[in-house]
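Comments concern the structure below.
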Amino acid sequence: QVTLVESGGGSVQAGGSLRLSCAESGLTFRLNRLGWFRQTPGKEREGVASISVYGPTIYADSVKGRFTISQDNAKNTLYLQMNSLKPEDTAMYYCAIRLNAYYASLTPSDYTHWGQGTQVTVSS
């Protein structure tokens with residue numbers, strides 16, 4: 001089955017940077033749509049960014065110009081480079097795969113497989 005494992009979270013001061021990684025267990029990674037999502041207690045899960053080798057790459061308005069999503073197909077790894085971090089970026093961050101579909105989406109229900117999450121905390 002598809003297995004996703006996130007890493008790279010931690011605590012950082014406002015204005016700092018973090019890079020999140022998501023390792024996937026199989027070869028299906030490279031040909032599917034991939035996404036990063038985040039969630040804080042009491043709020044719905046929010047789409048952050050999504051990418052496919054077939055395009056397009058999309059971002060939530062709240063992170064445009066600050067975050068960059070990318071994928072390394074040789075390593076079966078998805079990345080989220082987060083720069084100029086703000087306290088409101090604090091959340092549990094999850095990676096996900098949308099199997100058998102390539103249309104751009106930041107809707108959590110469109111994705112089929114999820115990792116366990118990695119915590120990001122931004123202090124001011």
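Residues take their numbers from the sequence shown, with the count starting at 1. Remember, predicted model here, so these are calculated numbers, not experimental data.
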Could you please spell out the steps behind the side chain to side chain contact (heavy atoms under 4.5 Å, CB included) verdict for Asp110 and Tyr103? CA-CA 10 Å; Asp110 287 341; Tyr103 296 106; over 6 Å; no
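- For the residue pair Thr107 and Ser105, the shortest heavy atom distance occurs at N-OG, 3.1 Å.
- Of all the heavy atoms in Ser17 and Asn83, the pair that sits closest is OG-OD1, 2.9 Å.
- At a threshold of 4.5 Å between non-hydrogen side-chain atoms, the residues Leu106 and Ile58 count as touching.
- Rounding to the nearest 0.5 Å places CZ of Arg19 at 7.0 Å from CD of Gln81.
- Between Thr118 and Ser7, the closest side-chain pair of non-hydrogen atoms is not below 4.5 Å.
- Between Ser50 and Arg33, the closest side-chain pair of non-hydrogen atoms falls below 4.5 Å.
- Pairing each heavy atom of Arg38 with each of Ala91, the nearest pair is CB-CB, 3.7 Å.
- Contact detail for Leu18 and Val12: the closest heavy-atom pair is CD1-CG1, 4.1 Å.
- In this structure, a donor-acceptor pair under 3.5 Å is absent between the side chains of Tyr111 and Arg98.
- Note that SG of Cys22 is 10.5 Å distant from CH2 of Trp114, once rounded to the nearest 0.5 Å.
- Gln116 CD: 12 or fewer foreign heavy atoms inside a 6.0 Å radius.
- Taken to the nearest 0.5 Å, the CD atom of Glu46 stands 8.5 Å off from the OG1 atom of Thr40.
- Minimum interatomic distance between Leu80 and Ala49 (heavy atoms only, all atoms of both residues): CD1-CB, 4.3 Å.
- Side chains of Tyr59 and Val48 form no contact here, defined as non-hydrogen atoms less than 4.5 Å apart.
- No side-chain heavy atom of Glu6 sits under 4.5 Å from any side-chain heavy atom of Leu20.
- Counting heavy atoms from C-beta on, the side chains of Arg66 and Lys86 come closer than 4.5 Å.
- Under a hydrophobic-cluster definition in which Ile, Leu, Val, Met, Phe, Trp and Tyr are linked whenever side-chain heavy atoms come within less than 4.5 Å, directly or via other members, Val2 and Ile51 are assigned to the same cluster.
- Here the OG-CD distance, from Ser62 to Glu88, works out to 8.5 Å after rounding to the nearest 0.5 Å.
- Within the cation-pi definition used here (under 6.0 Å to the ring centroid, within 45° of the axis), Arg45 qualifies as a partner of Tyr94.
- Here the OG1-CG distance, from Thr77 to Leu34, works out to 10.5 Å after rounding to the nearest 0.5 Å.
- When all heavy atoms of Tyr79 and Trp36 are compared, the pair lying nearest together is O-NE1, 3.2 Å.
- Contact of the Met82 side chain with the Tyr93 side chain is registered, since non-hydrogen atoms from C-beta on lie closer than 4.5 Å.
- For the atom pair Ile97 CD1 and Leu78 CG, the distance stands at 8.5 Å (nearest 0.5 Å).
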_As a quick check of understanding, evaluate side chain to side chain contact (heavy atoms under 4.5 Å, CB included) for Val120 and Val122, giving each step before the final call._
CA-CA 7 Å; Val120 171; Val122 184; 4.1 Å; yes
